[in-house]
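All residue numbers refer to positions in the sequence shown, counting from 1. Excluded from the calculations below are hydrogen atoms, water molecules and symmetry mates; all remaining heavy atoms, backbone and side chain alike, are included. Just follow the structure's listing: the first ligand is 1, and inside any ligand the first atom is 1.
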Amino acid sequence: MKVIGLTGGIACGKSTVSEVLRKEGAAIVDADAIAHELSRPGGGVYDFYVREFGKGILAADGTLDRAGIARRVFSDPALRDEVNARVHPLIRRTAMDRIADLREEGHAAVVLDAPLLFEAGWHRLVDESWVVAVPPDVQLMRLMARNPEMSEAEARARIAAQMPLAEKCARADIVIDNGGAREDMMRFVAELWGQRVAPPA
Ligand code: ADP
C-alpha cells in the first residue's frame, strides 16, 4: 500500500484536492479531523491542554476554547513549538493506527492529509509527499475570500507564520498547481492518481 502525504500552504486548496482524491477512490486519513476528535473532552489533546494550561483554557460548555488556544500560541512561537512537540505525537499515533487498519483492509493507497506534514517531520512516514500550491497573490485572495473575518494584515501574518510554500514545493515529490481553474486541478489530480497509484493493468 502506498502512503501519500498531502500538504500545502494555507488556502492553497489541500482540502479541495483531498476531496477530489476521495472521489478517485483514495482512503483519506485527515490529521485535522483527528486533532478535533482528540480535542473533545476525554481525548488525549484535551487532557494535555487542561493539564498544561488549567481549566481557563475551556469554553463555558467545557470544550476546549480552540480559538483562544490558537490566539495564544500564534502570538508566541516558542510556546507554539512546545505545544506542537507534545500534541503532534498524539495525533501521529492515531493517524498511524488508522493507516495500519487501512493496510489490513487491503487498500492500494492512503492519503495522509496533513497541513504540517514537513513541519512535524511526518514526510518521513510517507512514501511520497504531494504539495498543493498557488501563486502568493492567489493564496492571499483565496484565504481572505474563505475567511472574511480575517483582515488583510491577519491573512498575511497567517501566511508568513508558515513554512514558506516555496520550501514545501522544493521538498515535494509532486507539486499540484491549483492556481488555475478547479477543473484543471481536478484533471491533473485524476491523471496523477491514475499514474502513481492505480496504473492500468
Ligand atoms: P486549504 O485546505 O489548503 O486551506 P481549501 O481547500 O479550503 O484550502 O481552499 C481554499 C479556498 O479556495 C476555498 O474557499 C476553496 O473553495 C477555494 N478553491 C480551491 N481551489 C480553487 C480553485 N482552483 N479555484 C478557485 N477557488 C478554489
Among all the protein's non-hydrogen atoms, which is closest to [atom], and how far away is it?
atom                    : answer
atom 12 (O) of ligand 1 : Arg142 CD, 3.4 Å
atom 10 (C) of ligand 1 : Ala11 O, 3.6 Å
atom 18 (N) of ligand 1 : Arg182 NH2, 3.6 Å
atom 3 (O) of ligand 1  : Lys14 N, 2.7 Å
atom 2 (O) of ligand 1  : Ser15 OG, 2.5 Å
atom 8 (O) of ligand 1  : Gly13 N, 3.1 Å

Regarding Arg98 and Glu37, does a basic nitrogen lie under 4.0 Å from an acidic carboxylate oxygen?
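Counted as a salt bridge, because a side-chain N and a carboxylate O are separated by less than 4.0 Å.
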Going by side chain to side chain contact (heavy atoms under 4.5 Å, CB included), Asn178 matches just one of Val189, Val138, Asp184, Val132. Which one?
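Of all the options given, the one that passes is Val132.
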Looking only at distance, does Gly180 have an N or O less than 3.5 Å from an N or O of ligand 1?
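Yes, since at least one N or O of Gly180 sits under 3.5 Å from an N or O of ligand 1.
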When you compare ligand 1 with Ile10, is there at least one nitrogen or oxygen pair between them that comes in under 3.5 angstrom?
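There is no such contact.
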Which of the listed options, Val17, Asn147, Asn178, holds the heavy atom that is closest to atom 23 (N) of ligand 1?
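Going through Val17, Asn147, Asn178 one by one, Asn178 has the nearest heavy atom to atom 23 (N) of ligand 1.
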Just to be sure I'm reading this right: ignoring hydrogens, which of Glu19, Arg146, Gln139 gets closest to atom 7 (O) of ligand 1? Compare them by their nearest heavy atoms.
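Result: the heavy atom closest to atom 7 (O) of ligand 1 is in Arg146.
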Out of all atoms in ligand 1, which are within 4.0 Å of some heavy atom of [X]? Include the element for each.
X     : value
Gly9  : 3 (O)
Cys12 : 3 (O), 8 (O)
Thr16 : 5 (P), 6 (O), 9 (O), 15 (C), 19 (C)

Determine, using heavy atoms of Val132 and all atoms of ligand 1, whether some pair is separated by less than 4.0 Å.
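No, Val132 has no heavy atoms under 4.0 Å from ligand 1.
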Side chain, backbone, both or neither: which part of Ala181 comes within less than 4.0 Å of ligand 1 when only heavy atoms are counted?
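Only the backbone of Ala181 comes within reach of ligand 1.
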Atom pairs and distances, donor-acceptor, side-chain atoms in residues 49-60, under 3.5 Å, two or more places apart:
none

